[in-house]
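Have a look at the structure below before the remarks.
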2 protein chains.
Amino acid sequence: MSQAEATLPAGRDVVLGAALEAFFEQGYHGTSMRNIAARAGSAVSHAYYYFPSKSDLLRALILQVTADLLAALKVARAGAGPAPEAQLRAIVRAHVALHTERQAESFVGNTELRSLGEGDRAQAVALRDQVGALFRNVVSAGMDRDVFRCPHRDEAVLAIMTMCTSVATWYRADGPLPAEVIGERYAELALNMVGWQNN
Amino acid sequence: MSQAEATLPAGRDVVLGAALEAFFEQGYHGTSMRNIAARAGSAVSHAYYYFPSKSDLLRALILQVTADLLAALKVARAGAGPAPEAQLRAIVRAHVALHTERQAESFVGNTELRSLGEGDRAQAVALRDQVGALFRNVVSAGMDRDVFRCPHRDEAVLAIMTMCTSVATWYRADGPLPAEVIGERYAELALNMVGWQNN
DNA sequence: AAAATATTTGAACATTCGTTCAAATCATAA
DNA sequence: TTATGATTTGAACGAATGTTCAAATATTTT
């Protein structure tokens with residue numbers, strides 16, 4: 001017999017996906033284990049078969065997406081060649097891409113950090129700091145070679161990162177612009193912010 | 001007899017301030033009425049003397065700060081003279097100023113909109129839309145007079161607003177820069193984003 | 001086939017939740 | 001003083017919370 005049509009068997013990923021959906025829509029504390037179970041189409045106790053607690057669901061989601069973001073940015077930078085403007089363009093594009101393709105995870109990762117336990121939060125913050133360091137390095141390189149000119153590097157970097165992160169707040173897949181176009185335009189904005197002079 | 005030294009009498013503002021503090025630190029759903037009462041130094045039932053429900057506390061906070069933001073931006077623009085670059089500078093400064101001076105309210109207003117009831121949320125969103133329209137008008141005026149040159153106005157406006165809003169996320173009063181300096185630097189970034197050419 | 005393992009369940013647990021209310025206290029005015 | 005109204009309280013309500021667990025069901029292995 002092929003798969004049932006009603007509710008396919010609920011495994012680890014189904015529970016995690018249901019938790020993500022719920023956290024995204026209602027927030028971590030606004031979501032109950034019963035709500036997650038209902039979305040997953042299984043019993044509450046079933047979720048506890050895969051995850052020891054509610055906060056472990058949040059941890060799994062946040063650490064995963066944060067690590068993936070850092071990895072994606074490293075790949076993007078490595079593939080962009082040596083020019084700082086190309087590298088900045090690449091990491092802004094990659095940042096926006098991940099925050100649109102995996103919007104729910106990104107949003108939850110940015111808004112529910114405080115709901116994480118102390119140790120897990122420190123782990124996530126460490127990853128986030130590495131993302132910040134990567135942006136800072138790229139901008140610094142451009143300033144050293146005088147291809148970027150901005151009077152306040154740290155504020156520019158912070159502003160670029162927060163504007164990119166906020167994409168997960170307002171993006172709609174059925175909006176007027178495809179995600180790639182948004183990434184492209186945000187890259188241009190970022191280059192303006194660091195004072196890149198197009199020749 | 002003068003005021004008691006231990007716990008001064010708890011009025012409406014004390015309860016509201018305690019709720020703000022709690023919502024800011026733990027989020028709306030992560031905060032219990034008992035926690036608010038403990039911070040206010042009064043009984044749980046005391047909070048219900050001033051507010052009919054927990055969500056009314058949130059509504060009072062969010063509608064107040066959102067209306068104040070819109071009003072502050074209008075004042076800033078009106079006082080900046082006719083030049084678009086002066087107006088943009090003024091509203092960015094005012095935006096950052098409010099998001100630092102009233103950081104907790106701003107943060108809660110930006111993150112807990114979804115926890116509001118349907119009607120109240122619509123009211124807050126309407127105010128927010130007016131803030132967006134104000135920014136858009138200023139940028140449009142600059143583009144019409146060719147003092148701003150940016151290929152994608154809407155994305156620039158959105159990015160400026162989100163980067164300014166995010167200040168409430170990371171700002172610390174004991175950080176390295178005074179709030180006014182942050183506002184000044186963010187204004188420069190915004191002018192870069194809309195392609196303002198300094199003469 | 002039976003045995004062993006992996007998955008899924010419903011019912012129950014102690015605790016905390018938002019909210020209500022009658023009674024107690026305080027301040028003010030007559 | 002007594003009387004009136006505003007403020008504050010402790011105790012209680014039913015409902016919802018995160019979590020546990022022994023039993024039931026599938027699945028795999030022998």
Side-chain angles (χ1 to χ4, degrees), chain A residues 1-23 25-62 108 112 114-120, chain B residues 1-23 25-62 108 112 114-120:
Chain A
M1 232 164 287
S2 57
Q3 329 173 329
E5 58 184 356
T7 53
L8 11 163
R12 204 192 105 107
D13 288 346
V14 177
V15 172
L16 199 57
L20 171 60
E21 195 180 89
F23 294 163
E25 290 177 15
Q26 312 158 357
Y28 175 74
H29 283 116
T31 296
S32 69
M33 290 297 289
R34 285 160 180 83
N35 188 317
I36 294 173
R39 289 174 188 260
S42 56
V44 183
S45 44
H46 181 50
Y48 283 94
Y49 180 72
Y50 291 109
F51 299 92
S53 73
K54 183 185 169 188
S55 67
D56 275 280
L57 284 163
L58 183 61
R59 176 179 61 185
L61 291 170
I62 290 188
V108 171
E112 298 289 358
R114 65 175 165 198
S115 306
L116 229 42
E118 196 172 345
D120 301 331
Chain B
M1 233 164 289
S2 57
Q3 329 173 330
E5 58 183 356
T7 52
L8 14 162
R12 204 191 105 107
D13 288 345
V14 177
V15 173
L16 199 56
L20 171 59
E21 196 180 271
F23 293 163
E25 291 177 15
Q26 312 158 357
Y28 175 74
H29 283 116
T31 297
S32 68
M33 290 299 288
R34 285 160 180 84
N35 187 318
I36 294 173
R39 290 175 188 260
S42 56
V44 183
S45 46
H46 182 49
Y48 283 94
Y49 180 71
Y50 292 109
F51 299 93
S53 74
K54 182 186 169 187
S55 68
D56 275 280
L57 284 162
L58 183 62
R59 176 180 60 184
L61 291 169
I62 290 188
V108 170
E112 299 289 358
R114 65 176 165 197
S115 306
L116 229 41
E118 196 172 346
D120 301 330

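A, B, ... follow the sequence lines: proteins, then strands. Residue 1 opens every chain. Bear in mind the structure is a predicted one, so any value in this text is a computation, not a measurement.
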Rounded to the nearest Å, what distance is computed from the NE2 atom of residue B/His29 to the C1' atom of nucleotide D/dA16? 12 Å

A/Met33 has an atom CE; how far is it from atom P of C/dT9, in whole Å? 13 Å

No-H, no-angle donor-acceptor pair, A/Ser32 side chain to D/dG18 base, under 3.5 Å: no

Under the 3.5 angstrom rule, does the side chain of A/Tyr28 hit a backbone N or O of A/Ser55 as a donor-acceptor pair? yes

Could you check which of C/dG18, D/dT19, D/dT9 has an atom nearest any side-chain atom of B/Ala43? D/dT9

What is the distance, rounded to the nearest whole Å, between atom CZ of A/Arg12 and atom P of C/dA6? 17 Å

Measure the distance from OH on A/Tyr48 to C1' on D/dT19 and round it to the nearest whole Å. 5 Å

Reckon B/Ser55 touches a base, only the sugar-phosphate, or nothing at all at heavy-atom distances under 4.0 Å? nothing

Can you tell whether the side chains of B/Arg39 and B/Glu25 come within less than 4.0 Å, N to carboxylate O? yes

Closest listed nucleotide, where the reference is the side chain of A/Ser45 and the choices are C/dC17, D/dT20, D/dT19: D/dT20

Within less than 4.0 Å of OP1 or OP2 of C/dT9, is there a side-chain N or O belonging to A/Tyr49? no

Find the distance B/His46:NE2 to C/dT19:C1' and express it as a whole number of Å. 16 Å

Rounded distance in Å - NZ (B/Lys54) to P (C/dT19): 8 Å

Rounded to whole angstroms, how far apart are OH on B/Tyr50 and P on C/dT19? 18 Å

Taking atom P of C/dC17 as reference, at what distance in whole Å does atom OH of B/Tyr28 sit? 13 Å

Is any side-chain heavy atom of A/Val15 closer than 4.5 Å to one of A/Leu57? yes

For the side chain of A/Arg34, counting heavy atoms from C-beta on, which of C/dT19, D/dT17, C/dT8 is nearest? D/dT17

Check whether any side-chain heavy atom of B/Ser42 sits under 4.5 Å from a side-chain heavy atom of B/Val14, and report yes or no. no

Is there, by distance only and without an angle test, a donor paired with an acceptor across the side chain of A/Ser53 and the base of D/dG18 below 3.5 Å? no

Check the angle between the aromatic planes of A/His46 and A/Tyr49 and answer parallel, tilted or perpendicular using the 30° and 60° thresholds. parallel

